[in-house]
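Let me begin by presenting the structure, written as structure tokens, before commenting on it.
For ligands, and for the atoms within them, numbers begin at 1 and follow the listed sequence.
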Amino acid sequence: MRITVSGLPGSGTTTVSRLLAEYYEFELISSGEIFRKIAREKGMSLAEFGAMAEKDPSIDLAIDNNQRAVIHSHEKLILESRLAGHMAKDVPNVLKIWIKAPLPARVKRILRREKSISFDEELERTIKREKSEALRYMSYYNIDINDLSVYDIVIDSEKWNQYQILDILRTAVDSLVGPE
Ligand SMILES: Nc1ncnc2c1ncn2[C@@H]1O[C@H](COP(=O)(O)OP(=O)(O)O)[C@@H](O)[C@H]1O
Ligand SMILES: Nc1ccn([C@H]2C[C@H](O)[C@@H](COP(=O)(O)OP(=O)(O)O)O2)c(=O)n1
């Protein structure tokens, strides 16, 4: 069983992915972490590296080709990233999950996580980052990041906390593979 977990910034994809990986003892791979690592190595912020990726398709292509390879080469996998569901679109035996939450709720969470200066500053930064990503994914892959039709499950992380979401997803996973 392979599970992809995707969502916009602050939706809770990292948190849910970690809980799922721990519960099922699956390997967890996050493309966002790879993107962040490369940005750090270049001494760039996420926004600066995103702007570079708008001009240099090879950055996203490398990360997203890696996602495709990872999906095919792992059986017990949680793949967490914005595009993981799309990269797994035609792959059998993959459960594709999208975690959503309203923008203000997501920004409040990022504020806590990134220890940003203010809500307004983080709101502006998040909107800018989402615009950059949406532009790249449409231009490089013809993917509309807001098209949720590829997902098997769409769940609102403002309605349930991360543990309740884990319980809901466990029901879905166990009914597909049977309880461990
Ligand atoms: N379902 C949830 N309800 C409330 N808070 C959550 C939920 N999921 C995650 N969080 C919190 O929101 C913050 C951002 O979560 P994170 O998983 O890092 O988001 P993402 O990886 O989607 O950007 C974290 O501090 C986390 O503890
Ligand atoms: N396939 C991917 C995965 C992530 N990214 C970018 C999107 C984000 O700006 C960074 C970090 O992603 P990550 O999911 O860790 O960060 P957020 O959860 O969005 O705060 O990587 C990407 O461009 N392509």
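Atoms of ligand 1 found under 4.0 Å from any heavy atom of Ser157 (numbered from 1 in listed order, with element): 1 (N), 2 (C), 3 (N). Listed by number with element, the atoms of ligand 1 under 4.0 Å from a non-hydrogen atom of Thr15 are 9 (C), 15 (O), 16 (P), 17 (O), 26 (C). Of all atoms in ligand 1, listed by their number and element, those nearer than 4.0 Å to a heavy atom of Arg113 are 16 (P), 18 (O), 19 (O), 20 (P), 21 (O), 23 (O). Applying the 4.0 Å criterion to heavy atoms of Ile165 picks out, from ligand 1, the atoms 1 (N).
With Asp156, Leu19, Asn161, Thr14 as candidates, the residue nearest to atom 21 (O) of ligand 1 on a non-hydrogen basis is Thr14.
The parts of Pro9 lying near ligand 2 are both backbone and side chain, judged by heavy-atom distances below 4.0 Å. Here Leu8 has no heavy atoms under 4.0 Å from ligand 2, in either its backbone or its side chain. Contacts of Arg106 with ligand 2, taken as heavy-atom pairs under 4.0 Å, are absent altogether. Contacts with ligand 2 closer than 4.0 Å are made by no heavy atom of Ile34, backbone or side chain. Contact annotation for Phe49 and ligand 2: no heavy atom of the residue comes within less than 4.0 Å of the ligand.
Closest to atom 7 (C) of ligand 1 among all protein heavy atoms lies Gln162 OE1, 3.5 Å. Here the heavy atom of the protein found nearest to atom 1 (N) of ligand 1 is Trp160 O, 3.0 Å. Of the protein's non-hydrogen atoms, Arg109 NE, 3.7 Å is the one closest to atom 5 (N) of ligand 1. Summary of contacts: the protein heavy atom closest to atom 19 (O) of ligand 1 is Gly12 N, 3.2 Å.
At least one heavy atom of Leu8 sits less than 4.0 Å from an atom of ligand 1. No heavy atom of Thr14 sits closer than 4.0 Å to any atom of ligand 2. Ligand 2 lies within reach of Arg136, whose nearest heavy atom is under 4.0 Å from it. A heavy-atom separation below 4.0 Å is not found between Gly7 and ligand 1.
The CZ atom of Phe49 sits 12.5 Å away from atom CZ of Arg36, with the distance rounded to the nearest 0.5 Å. Annotation: the span from Ile59 atom CD1 to Asp64 atom CG amounts to 11.5 Å, rounded to 0.5 Å.
For the residue pair Ser157/Arg109, the side-chain donor-acceptor check at 3.5 Å is satisfied.
Proximity of a side-chain donor or acceptor of Tyr140 to a complementary backbone N or O of Glu54 within less than 3.5 Å is detected.
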